[in-house]
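Naming: A, B, ... by sequence-line order, numbering from 1 per chain.
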Amino acid sequence: MPNVRLTLPDGTVREFPQGVTALEVARALSPRLAAEGLAARVDGRLVDLTEPIETDASVQIITPSSPEGLEIYRHSSAHLLAAAVLELFPDAHPGVGPPTETGFFYDFYREKPFTEDDLAKLEAKMQDLVAADLPYERVYFPKEEGLKIFEQKGEFLKCQLIQEKAEPVFSAYRTGKFLDFCRGPHIPSTGRVKAFKLLSVAGAHWKGDERSYPLQRIYGTAFFSKKDLDAFLAKLEEAKKRDHRRLGKELDLFSIQDEAGAGLIFWHPKGGIVRKEIEDWLRAELVARGYDLVYTPHAMRLHLWEISGHTNFYRENMFGPMEVENDHYQLKPMNCPGHILIYKSRPRSYRELPLRLAELGTVYRYERSGVMHGLLRVRGFTQDDAHIFSMPEQVEHEVEECIEFAFQVLKTFGFDQYEVELSARDPKNSEQYAGTVEEWELAEGALKKTLERMKIPFKTMPGEAVFYGPKIDLKLVDAIGRPWQLTTVQFDFNLPRRFGLEYVGSDGRGHTPVMVHRALLGSIERFFGVLIEHYAGAFPVWLAPVQARMLPVSEKHLEYARRIAGELRAAKLRVDVDDRNEKLNARIRDAQLQKIPFMLVVGDREAQSNTVSVRRRDSGDAGAKAVSDFGAWMRELIDSRATKW
RNA sequence: GCUGGCGUAGCUCAGCUGGUAGAGCAUCUGAUUUGUAAUCAGAGGGUCGGGGGUUCGAAUCCCUUCGCCAGCUCCA
């Protein structure tokens, strides 16, 4: 039998008999590699360890430490789940079951819904299958023949997939009694699955099409070790504890009320303080950066939205128009037309450009009833919006400034990780965009060049652009690693033309300006939600609704506590006094649960020496401090917007 | 909007197969005068999300509507 020459990752070349499997290669290299191997990469192609290698090739063994390892492992876990489902629930029809970023899922069509109890039973069955150490056996079928087998099993979803996607001879994987149409690769056997958990069951639709079959999706996750799984589950718990909806209630920050309607936010006094601090900082920053602050009406004549193109391209996100004196008015879903009207209110000279109009503009968008989510997805929200009108040659610089501003925002609010996406048009779907192909190419090129010049890594997302132009989106990553889309910088060559905007150039002639839409926090509501989760409700001093709470040891010290609170308030600090008739311990506990940064315990000792005993939220008793020293310290923490102290 | 789950006091939740509501915390009152994460006692508080139906009788069963949760889809 002839030999094949296999190139290993370290560059060495070794000869093996033709038809050797990657598993055999691994064994030849080291028993440990063979034991750990999950799959193999042969000439760039991911294959099973048991696949024969017939020609010279480069071979790499995929192990748990390879980036692809976990994905393959989870895909195999999904098959394991499906195998368990078919054993326990023969009436379930399997759909698809891919790995995801955090685990895997498998979709089934079934009349009866799966319950939480079913998940426990399925986990037990999966354990049995793991114990049985069944191989993931790759088998091949000619298309017609294979199709018949799946038809006999009544797996109509699989049949549909095979008809649409299968090669003339297609591969499938057998795990015990379960046979799945699948490209692979898979791990060698079920015994290799070490740590998994089924997490939830939720609805889904066949191929994501809501008119198609309703399916039940079972979510699970799998890791190489129990330790990793436990760490993941702990992270889920942590996320639950940080949930802004829960903290919003516990800390009395905001509410959403049935009586008022879904997706509409009530900012309570404590949330209101946080919002005001954010807005004050932002406004000062806007002014410093050459923006002009404006205000525009919440409802305007529908006619404007026809000009802007919103009634064509955005109607399904708009509340219905209201009739006023034989005319129609529209609650604004965006702030752009208002700012455009300000621009248009008089002739503009090139000397005033770029004109940066900023507004904390409240907009209303119709969201389908199932999509609202706390502060993160609502129907009424305030954008920290701005529209920059500039000459074409200024626009790249303006985009750069916006991104630089966005980075400053991230830093100020304690975020240090981010991801950047460039959203371009979908070239196959040009009718959903306003403007010509040339204009789009120009705009996308300009955004791309700007990011490259700033040396910012980014991903290009085709088909993600808005109807009037391409955009750069910035996602921040919060304290527990979740990304949130907030900042958006959008290029617009469309609206200026639709509204007939002009400026007089140095040549004395009229020209059309270019417009940049940008929001940095995105929406104040969403940003607030993200902030709550990022800080787990424990805001830095400058944002904390109550910055310090006086805790008089007994009623005797109430007067002193009130006097000091008054002094600190005069120094513009947010201080309150817990004058309830409760044990000190109980009041400390409450302040702690309210995540107030500083507790000031005052009793005889403090009253005599004009001091306060400082208890820090995160590290407990910090000893006595002169009142004036404490005030100065607080001032510094606030003015520097310190996130740690 | 779609699929599934759910909606009981301000909050968190109990209430088996229908017999007309209960706990802890919170609130109020009283006692206690507190030194770094829950003092004790008493009281008030619910047309069981809304509407309709089945039944002698509904928090419990059915229909409908609103809302919430997990997803799908979509987005700041």
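- In this structure, the nucleotide among B:C72, B:A38, B:U36 sitting nearest to the side chain of A:V371 is B:C72.
- When heavy atoms are screened at a 4.0 angstrom cut-off, A:Y219 is found touching the sugar-phosphate backbone but no base atom.
- Using a 4.0 Å heavy-atom distance criterion, A:K475 is classed as making no nucleic acid contact.
- At a threshold of 4.0 angstrom between heavy atoms, the contacts of A:A519 with the nucleic acid are absent.
- By the side-chain hydrogen bond (donor to acceptor under 3.5 Å, both in side chains) test, A:D621 is found to be paired with no residue, residues two or more places apart in sequence or in another chain being considered.
- Counting heavy atoms from C-beta outward, A:R580 and A:D590 have side chains that approach closer than 4.5 Å.
- For the atom pair A:C336 SG and A:H387 NE2, the distance stands at 4.0 Å (nearest 0.5 Å).
- Which of B:C68, B:G35, B:A70 sits closest to the side chain of A:R245 comes down to B:A70.
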Give each protein N/O atom lying under 3.5 Å from an N/O atom of nucleotides 24-26 of chain B, with the pair distance.
none

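- At a non-hydrogen distance threshold of 4.0 Å, A:R615, A:D621 from residues 614-623 of chain A come into contact with RNA chain B.
- Remark: of the listed residues A:K240, A:K235, A:R242, A:R242 is the sole one forming a salt bridge (Lys or Arg N to Asp or Glu O under 4.0 Å) with A:E238.
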Report all interatomic pairs (protein N or O, nucleotide N or O of nucleotides 4-12 of chain B) with separations under 3.5 Å.
unit_1, atom_1, unit_2, atom_2, d
B:U12, OP1, A:K249, NZ, 3.4

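- For A:K625, the salt bridge (charged side-chain N to carboxylate O under 4.0 Å, His left out) criterion is met by no residue, not counting sequence neighbours.
- Among the heavy atoms of the strands, none lies under 4.0 Å from A:L521.
- A:F381 qualifies as a stacking partner of the B:A76 base, centre to centre under 5.5 Å and near-parallel within 30°.
- Between A:N585 and B:U36 there is no side-chain polar atom (N or O) within less than 4.0 angstrom of OP1 or OP2.
- When the side chain to side chain contact (heavy atoms under 4.5 Å, CB included) test is applied to A:E555, no partner is found at least two apart in sequence or on another chain.
- Nearer the 5' end of RNA chain B, as judged by each residue's closest nucleotide, is the contact made by A:G374, out of A:T487 and A:G374.
- The side chain of A:K583 contributes no N or O atom lying less than 4.0 Å from OP1 or OP2 of B:A37.
- Using a 4.0 Å heavy-atom cutoff across all strands shown, A:E367 reaches at least one base atom of the nucleic acid.
- In this structure, the side chain to side chain contact (heavy atoms under 4.5 Å, CB included) partners of A:H268, at least two apart in sequence or on a different chain, are A:D252, A:S255, A:F266.
- With a 4.5 Å cut-off on side-chain heavy atoms, A:L551 and A:L600 do not count as touching.
- Checked against side chain to side chain contact (heavy atoms under 4.5 Å, CB included), A:T611 has the following partners two or more places apart in sequence or in another chain: A:E606, A:S609, A:A624.
- Put simply, the side chain of A:E606 and the base of B:G35 share a donor and an acceptor less than 3.5 Å apart.
- A cation-pi contact, defined as under 6.0 Å to the ring centre and within 45° of the axis, links A:R289 to A:F405.
- A:R587 pairs by the salt bridge (charged side-chain N to carboxylate O under 4.0 Å, His left out) definition with nothing, not counting sequence neighbours.
- Across all strands, A:S613 comes closer than 4.0 Å to base atoms (heavy-atom distances).
- Residues meeting the side-chain hydrogen bond (donor to acceptor under 3.5 Å, both in side chains) test with A:E155, sequence neighbours left out: none.
- Of the residues in residues 551-561 of chain A, those with a non-hydrogen atom less than 4.0 angstrom from any atom of RNA chain B are A:V553, A:S554, A:E555.
- Paired with A:T382 under the rule side chain to side chain donor-acceptor pair (under 3.5 Å), one option of A:R275, A:R526, A:E279, A:E359 passes, and it is A:R275.
- Side-chain proximity of A:V466 to B:U39, B:A76, B:C72: nearest is B:A76.
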Please set out all donor-acceptor pairs under 3.5 angstrom arising from side-chain atoms of residues 95-104 of chain A, sequence neighbours excluded.
unit_1, atom_1, unit_2, atom_2, d
A:T100, OG1, A:T102, N, 3.4
A:T100, OG1, A:G103, N, 3.0
A:T100, OG1, A:G103, O, 3.3

